[in-house]
Amino acid sequence: MSFVRTVLGDIRSDHLGIVYAHEHVVIRGEFIEQNFPDFLLEDLDLISNELRELKSHGIGTMIDAMPLDSGRSAAHLVELSILTGMNIVASTGLHLRMYYAPGHWYDRVDGMFERAEEDLLGEIFVTEIEVGMSDSGQASSAKAGVIKIAGSLHNLTHLEKRIFRAAGYAHRLTGCPILTHTEQGTAAMEQVRILQDAGVDLSHVILSHLDRIGDLDYHREVLSTGVRLEYDSAFRWGAKPNQTQALILALAPEFPDQIVIGMDAARSSYWRSYGGKPGLSYLVETFVPSLIDAGLSANLVRKILVDNPASAYSFAGGRG
Ligand SMILES: [Zn+2]
């Protein structure tokens with residue numbers, strides 16, 4: 001039976017309920033506080049209120065996309081999961097360089113090892129997946145269930161390529177799924193090729209934010225490789241036509257098993273419990289009904305919300 005690794009342990013993939021596929025449940029730490037104050041998400045009462053509202057709409061699982069050292073808190077995620085009953089999958093991996101303080105070891109990914117640096121960085125990810133996560137030296141027994149990595153606009157940097165190969169190494173050993181950040185939806189094919197060359201099972205790779213780009217042929221090219229695409233701009237179009245909706249209506253019938261959705265609501269100003277809008281329930285309260293009104297079948301809605309994320313975020317056959 002395939003499984004998904006949550007902060008409270010492994011659960012069967014068919015027990016996830018509706019999955020929010022790229023979320024920010026907790027973001028904290030000194031660097032974030034000083035540089036990205038609107039990103040701070042650390043009030044457990046307010047966060048719990050929003051998660052309970054989501055639970056009442058049938059959302060059973062959230063994928064937290066803050067990796068190692070970038071504002072993650074395994075301890076907070078564990079506490080929230082216990083408080084609310086929400087399944088939470090936490091990330092290992094590394095984010096964009098901008099989320100790390102000057103002097104962070106990110107800059108030494110290249111130079112700190114003589115050889116096989118990807119494998120040694122990959123071993124850090126493996127430890128987080130198989131033993132437990134560590135935030136600022138605080139060790140937790142909660143394990144990471146996804147490897148989150150990030151690529152820059154148009155081209156990956158030298159260090160990002162190394163980090164992608166390290167993620168490939170950890171995936172080969174553990175079967176852990178990989179979630180990537182694309183900057184404005186770009187460089188998706190470069191990301192896919194590096195992971196493919198590293199021996200990654202592409203059906204367990206989820207690329208985020210491609211709905212920032214409307215070109216259907218670009219999406220088809222990427223989807224043809226077998227990866228999953230995560231669309232999360234549904235609430236960001238304002239008065240413009242909803243490009244996220246248009247993409248799903250066009251592509252879900254062609255690639256029924258490869259699209260997942262999320263909110264990526266990394267600012268407290270998007271959370272209802274923090275006094276913001278539209279609130280995390282937007283996806284199920286407003287966006288999904290709009291897809292159904294526009295003619296998307298119940299079967300495809302179920303695949304996008306439940307079945308596709310369940311198979312994408314399952315562990316591939318690995319040692320653990
Ligand atoms: Zn994100």
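In this text, all values refer to a predicted model and were calculated from it rather than measured experimentally. When a residue number appears, it is its place in the shown sequence, counting from 1. For ligands, and for the atoms within them, numbers begin at 1 and follow the listed sequence.
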For the Zn ion (ligand 1), the nearest N/O/S atom on His24 is atom NE2
Ring pair (Phe, Tyr, Trp, His ring centres under 6.0 Å) pairs touching residues 176-195, sequence neighbours excluded, are His95-His181, His181-His209
Excluding Val260, membership of its hydrophobic cluster (Ile, Leu, Val, Met, Phe, Trp, Tyr; side-chain heavy atoms within less than 4.5 Å) reads Val4, Ile11, Leu16, Val19, Ile63, Val89, Val146, Leu179, Ile206, Tyr313
* the Zn ion (ligand 1) reached by Asp264 (N, O or S, under 2.8 Å) -> yes
#### Entry: His22 backbone or side-chain N/O/S under 2.8 Å from the Zn ion (ligand 1)
yes
The residue among His204, Lys303, Gln258, Arg228 that forms side-chain contact (heavy atoms from CB on, under 4.5 Å) with Ser311 is Arg228
Charged N to carboxylate O under 4.0 angstrom, Asp307 versus Arg302?
yes
